[in-house]
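What follows is a short report on a single structure.
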Amino acid sequence: MQRRQLFQLAGAAALTTAFSTFSKKVEATGLSMPQGVSLPIKLNFNENSLGMSAKAKKAISDSLDIGFRYPDDQREELIGLIAKKFNLATNQISMGNGSSENIQAIVQALIIRAQKNNTPIQLVVPDPTFNYAELYAKALGISVVKVPLMADFSFDIKQLQQAAEQFKGETIFYLCNPNNPTAMITPATTLFDWINTAPAHHFFILDEAYAELVQNPDFKSGIELIKANKNNVAVTRTFSKLYGLAGYRIGYLLGTEEVVALAESCMSYDNTNLAGAVAAIASLQDPQFEQLSLATINASRQIVQKALTELGLKYVDSNANFIFHQIKGDVKTYQQRMKEYQIYVGREFLPIQGWNRLTLGTPQEMEVFVKTLKMFRDKGWV
């Protein structure tokens, strides 16, 4: 389809109440509205379609003249800002080339430590979930136990615990909270009670890539456990989601001094790039952009949830920048049909069938998606 046809499809003159409310919020901040819709509309990798802060862009541009220098000063400044943000010491932070490197490093470090002590070790994960911890563990030759989600897509805590209790050795739990692909949280009362009563040889990696986007008051960050000096907890976070810096690969791990030192033993040296560092610094110093980013995601969520309700398609209450929703039909066929309309949607996450993970783009993009989805319903495709 041509760009003009897409705008007609979007019904630009008939935006939802949620988008109107969003527009007023933007005007109140004094910031400009995100511009139009470009093709293709990418709603498949949980990126932030709003883009990065204008201050982050300027910081990158201003750094070009010092690109021949190593970014040691900028890395140190960024670590200091993160430490201040969470009221932690700088030695409780490990920077990563994206939080995926942090996950890789702590998994590898825990495995190496166990092997040095001739202790068996395994990884236990909910299924489905973000699979990087699983891939790293398999590459290092340790077994991975997958525990299916409950019928409501929540973690099966009892089965996760049982998988560790039946194993004679150390267990690494990888827990994405909110979980990817469901966007569900595990409430703090449940999660913290489990971790606080777990033995020391059960280690918890809490992936909080979407934590800044959570609206549910039942959520609490695992950082509280770190402040309570839990030496079997690591929290990973990223600048990819709220701050729109996915392409600049800035992530970090938080833990006690002991946990961070362990993770650092398997981190690559000089893994922070200059452009990413200065963009992250500028983003942390731009609270207006944080508000705009949250307002955009919240408005897009309302647009999509309203449409799914109208169509009678089930969805999980989202605590992230994506929605896990039902598709009445073959998901791969649905993906291909959306692609023909220049809209890229997420894949199916087995063993759950008939559900799709949809990234929340800008409100304008979601209006295009909704109009297309309703057209698919008229054709009997969803």
Side-chain angles (χ1 to χ4, degrees), residues 45 47-48 51-53 55-86 88-113 115-116 130 132-133 135-137 139-140 172 174 203 205-209 211-212 223 226 233-286:
F45 288 137
E47 297 154 333
N48 188 337
M52 72 182 77
S53 158
K55 292 182 179 179
K57 290 181 183 179
K58 185 176 186 303
I60 292 171
S61 178
D62 290 347
S63 73
L64 294 177
D65 287 341
I66 57 170
F68 62 96
R69 301 288 186 194
Y70 290 112
D72 296 342
D73 292 343
Q74 292 78 12
R75 174 188 168 95
E76 183 178 353
E77 182 180 357
L78 177 56
I79 290 173
L81 287 173
I82 294 171
K84 183 179 179 181
K85 177 180 177 69
F86 297 114
L88 295 171
T90 55
N91 61 9
Q92 292 182 272
I93 297 159
S94 174
M95 297 305 301
N97 182 21
S99 60
S100 55
E101 186 186 23
N102 297 114
I103 295 168
Q104 173 270 318
I106 191 61
V107 168
Q108 183 179 9
L110 289 164
I111 292 171
I112 291 173
R113 185 178 69 177
Q115 290 173 339
K116 284 182 178 178
F130 186 64
Y132 277 20
L135 296 177
Y136 295 137
L140 293 168
I172 306 168
Y174 169 81
F203 193 97
I205 302 172
L206 305 180
D207 184 346
E208 296 185 357
E212 292 98 340
I223 295 170
I226 293 168
V233 175
V235 173
T236 59
R237 289 205 174 194
T238 181
F239 281 84
S240 296
K241 309 306 178 183
L242 177 66
Y243 299 107
L245 297 178
Y248 290 89
R249 313 310 301 133
I250 299 292
Y252 54 100
L253 177 146
L254 307 169
T256 63
E257 181 180 354
E258 176 183 319
V259 168
V260 167
L262 180 66
E264 281 287 304
S265 69
C266 288
M267 292 294 291
S268 58
Y269 295 112
D270 297 327
N271 63 345
T272 305
N273 70 85
L274 176 63
V278 298
I281 290 168
S283 297
L284 288 175
Q285 296 172 334
D286 191 353

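Residues take their numbers from the sequence shown, with the count starting at 1.
Of the inter-residue distances, the one linking Y132 atom OH with I103 atom CD1 reads 9.0 Å to the nearest 0.5 angstrom. Within the model, atoms CD1 of I82 and CG of L254 stand 7.5 Å from one another, a figure rounded to the nearest 0.5 Å. Here CG of D72 is found 13.0 Å from CD of E77. Values are rounded to the nearest 0.5 Å. Atom-to-atom distance recorded for K57:NZ and I60:CD1 is 9.0 Å, nearest 0.5 angstrom. A distance of 14.0 Å separates OG1 of T90 from NZ of K84, quoted to the nearest 0.5 Å. To the nearest 0.5 Å, the span separating CD1 on I112 from SG on C266 amounts to 4.0 Å.
Between the side chain of T256 and the backbone N or O of V259 there is at least one donor-acceptor pair closer than 3.5 Å. At least one donor-acceptor pair under 3.5 Å links the side chain of N271 to the backbone N or O of M95. For D286 (side chain) and A56 (main-chain N/O), no donor-acceptor pair under 3.5 Å exists by modelled atom type. Between the side chain of S283 and the main chain of A279, a donor-acceptor pair closer than 3.5 Å is present. Looking only at distances, a side-chain donor or acceptor of Q92 sits under 3.5 Å from a matching main-chain atom of G255.
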For this session: Dump the intermediate steps for side-chain contact (heavy atoms from CB on, under 4.5 Å) on M267 and L253, then the final yes or no.
Result: CA-CA 11 Å; M267 292 294 291; L253 177 146; over 6 Å; no
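When all heavy atoms of N102 and G251 are compared, the closest pair comes out as OD1-C, 3.3 Å. Looking at every heavy atom in both residues, S94 comes nearest to V260 through CB-CG1, 4.1 Å. In this structure, S99 and T238 approach most closely via the heavy-atom pair OG-CB, 3.9 Å. Closest approach of A277 and T272 over heavy atoms only: CB-CG2, 3.8 Å. When all heavy atoms of M52 and G244 are compared, the closest pair comes out as CB-O, 3.8 Å.
A search for salt bridge (Lys or Arg N to Asp or Glu O under 4.0 Å) contacts involving K58 returns D62, not counting sequence neighbours.
Taking 4.5 Å as the limit, every side-chain heavy atom of L245 sits out of range of all side-chain heavy atoms of I250. Counting only heavy atoms from C-beta outward, the side chains of R69 and L274 never approach each other to under 4.5 Å. Residues Y174 and I106 are not in side-chain contact: their nearest non-hydrogen atoms beyond the backbone lie 4.5 Å or more apart. At least one side-chain heavy atom of Q285 sits less than 4.5 Å from a side-chain heavy atom of L81. With a 4.5 Å cut-off on side-chain heavy atoms, Y136 and I111 do not count as touching.
Side-chain contact, Y248 with N273: no donor N or O sits under 3.5 Å from an acceptor N or O.
The pair R249-E101 fails the salt-bridge criterion, with no side-chain N (NZ, NE, NH1 or NH2) lying under 4.0 Å from an Asp/Glu carboxylate O.
The side chain to side chain contact (heavy atoms under 4.5 Å, CB included) test with L78 is passed by exactly one of I93, V278, I281, D73: I281.
Within 6.0 Å of CD in E76 there are 12 or fewer heavy atoms belonging to other residues, nucleotides or ligands.
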